[in-house]
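Below is one structure; the comments refer to it alone.
Every value quoted in this text rests on a predicted model; they were computed, and no experiment measured them. Just so you know, ligand 1 is whichever comes first in the structure, and atom 1 is the first atom listed for that ligand.
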Amino acid sequence: MHDVIIIGAGPAGLSAALWCDELGLDTLVLEQQAEIGGQLLSVYNRIGNYLGARAGSGLELRDLFAEQVKDSDFDLWTDAEIESVDLAGKRIVLKSGEELQSISFIIATGVRRRRLGIPGELELMGRGVMESATRERDEFAGKDVCVVGGGDAAAENALLLAEVCPTVTLVHRGQKLRARSEFIERLRGEHCITVFKESTLRRIIGETEVEAVEIMREGALKPFQMAVKGVLIRIGVEPNTELFSEQLHMDESGYIVVTGEQETSVGNVFAVGDVSNPLAPTISGATGAGATAAKVIASRLHS
Ligand SMILES: Cc1cc2nc3c(=O)[nH]c(=O)nc-3n(C[C@H](O)[C@H](O)[C@H](O)COP(=O)(O)OP(=O)(O)OC[C@H]3O[C@@H](n4cnc5c(N)ncnc54)[C@H](O)[C@@H]3O)c2cc1C
């Protein structure tokens, strides 16, 4: 029986673990990936907005976190795949069959990139379907590309690709781009960027690598194909909460609803970081929420 089991070892889970350890709680962290760090592993830009640490990339910041927690006494299991969770009964069963029990849980499972769910998207990943414009931009220099989405991430990535690609087509299903006005102004000034609004990507076509995309424009009778060598999809994120469905109060998008103490609708089950913060997901917010949950748990256990 542990005092706390933390699910997820991104910034929120690691901060909670550091605090739980400092407050003398018997703590186990379960991370499904082979590495800790969560989304930091896919941040290829410099991070300058996390107070106290400047980092050239998310990986660099992750390494600082790893260095800081390495002398703590909490247990950390990576590659820990959870089969099922019973939040009310405070039990977890791992895919390995092992059963774990804890007085309290902290859910810190974060978010993942939303997918379109269209043919070719997964099959051609890494073969024209890009993961990051920052990291892969040079590979696509001189090639025509397509970016899907209408928010800041889609606009920023389209602008980045426009620096090296002859044409960039931005495909957005809405009537208006949601990106900040600064990005929209810059998109207008880039002659190689074409914006297709009220349009959806239906298919990514290619045998061994991306050759074309199929686009459907609203009101058109049939889709058309456009030759491109690269596709980048930036249509937002979704919370990793399937494991807890029907056990917790969630909003309509699946984010966990919490109190000011980070507690969920089930007693002694807390949720911290992006998984419970759809409006302002940040590293600072995630680490702060982790600390709050740990302090609340410690005060209850010690009282
Ligand atoms: C490209 C990019 C740039 C960003 N830039 C900035 C920035 O400049 N400044 C800033 O403040 N924020 C930035 N962010 C956001 C920041 O990375 C997140 O707010 C932060 O990582 C949230 O931390 P978290 O611990 O809540 O979630 P995550 O980082 O998503 O970590 C969640 C962890 O939980 C694990 N997990 C999920 N499900 C399970 C399960 N069932 N069992 C076990 N483990 C599980 C995941 O594998 C992951 O390791 C950026 C994000 C991206 C993608």
Ligand 1 contact on Leu14 by region, counting heavy-atom pairs under 4.0 Å: neither

Ligand-residue contact atoms, ligand 1 with Val111, heavy atoms, under 4.0 Å: 30 (O)

Partners meeting side-chain contact (heavy atoms from CB on, under 4.5 Å) with Glu139 (sequence neighbours left out): Glu136

Shortest protein heavy-atom distance from atom 25 (O) of ligand 1, along with the residue and atom involved: Ala12 N, 2.9 Å

Numbered atoms and elements of ligand 1 in range of Pro281, under 4.0 angstrom, heavy atoms: 19 (O)

Contacting atoms of ligand 1, where contact means under 4.0 angstrom from a heavy atom of Ala108: 32 (C), 33 (C), 34 (O)

Closest non-hydrogen atom pair, Gln33 against Glu31: N-OE2, 2.8 Å

Protein non-hydrogen atom below 4.0 angstrom of atom 8 (O) of ligand 1 present: yes

Mode of Ser132 contact toward ligand 1 - side chain, backbone, both, neither (heavy atoms, under 4.0 Å): neither

Side chain proximity check, Asp144 to Met226, heavy atoms < 4.5 angstrom: no

Residues clustered with Val269, ILVMFWY side-chain links under 4.5 angstrom: Ile5, Ile7, Leu28, Leu30, Trp77, Ile82, Val85, Leu87, Ile92, Leu94, Leu100, Phe105, Ile107, Leu243, Phe244, Leu248, Met250, Ile256, Val258, Val266, Val275

For atom 23 (O) of ligand 1, the protein heavy atom that lies nearest, with its residue and separation: Pro11 CD, 3.3 Å

Heavy-atom closest contact (Cys20 atom, Thr27 atom, distance): CB-OG1, 3.2 Å

Ser42 N/O under 3.5 Å from ligand 1 N/O: no

For atom 29 (O) of ligand 1, the protein heavy atom that lies nearest, with its residue and separation: Gln39 N, 2.9 Å

Heavy atoms from other residues, nucleotides or ligands near NZ of Lys143 exceed 12 (cutoff 6.0 Å): yes

Region of Ile283 that comes within reach of ligand 1 [heavy atoms, distance under 4.0 Å]: both

Asn240 N/O to ligand 1 N/O under 3.5 Å: no

Close side-chain approach of Glu131 and Tyr44, heavy atoms under 4.5 Å: yes

Separation of Asn240 CG from Asp274 CG (nearest 0.5 Å): 9.5 Å

Sidechain N-carboxylate O distance under 4.0 Å for Glu121, Arg113: no

Atom 44 (N) of ligand 1: the protein heavy-atom neighbour that sits closest, reported with distance to 0.1 Å: Gln32 N, 3.2 Å

Subset of ligand 1 atoms that lie under 4.0 Å from at least one heavy atom of Gly38: 29 (O), 31 (O), 48 (C), 49 (O)

Electrostatic pair Glu163-Arg137, nearest N-O below 4.0 angstrom: yes

Close approach, Val43 and ligand 1, non-hydrogen under 4.0 angstrom: yes

Where Ala153 and Asn157 come nearest, the two heavy atoms and their spacing: O-ND2, 2.6 Å

Protein contact of atom 18 (C) of ligand 1 - nearest heavy atom, named by residue and atom, plus distance: Asp274 OD2, 3.3 Å

Closest heavy-atom pair and its distance - Ser104, Ile297: OG-CG2, 3.4 Å

Closest protein heavy atom to atom 27 (O) of ligand 1, given as residue, atom name and distance to 0.1 Å: Gly110 CA, 3.4 Å

Side chain, backbone, both or neither: Leu30 near ligand 1, heavy atoms under 4.0 Å: backbone

Closest protein heavy atom to atom 47 (O) of ligand 1, given as residue, atom name and distance to 0.1 Å: Glu31 OE2, 2.6 Å

Ligand-residue contact atoms, ligand 1 with Leu243, heavy atoms, under 4.0 Å: 41 (N)

Heavy atom of the protein closest to atom 37 (C) of ligand 1 (residue, atom name, distance): Thr109 O, 3.2 Å

Ring-face cation of Arg217 near Phe196 (centre distance under 6.0 Å, axis angle within 45°): yes

Contacting atoms of ligand 1, where contact means under 4.0 angstrom from a heavy atom of Gly273: 26 (O)

Atom indices of ligand 1 within 4.0 angstrom of Asn49 heavy atoms, with elements: 7 (C), 8 (O), 9 (N), 10 (C), 11 (O)

4.5 Å side-chain heavy-atom contact, Ser72 and Leu18: yes

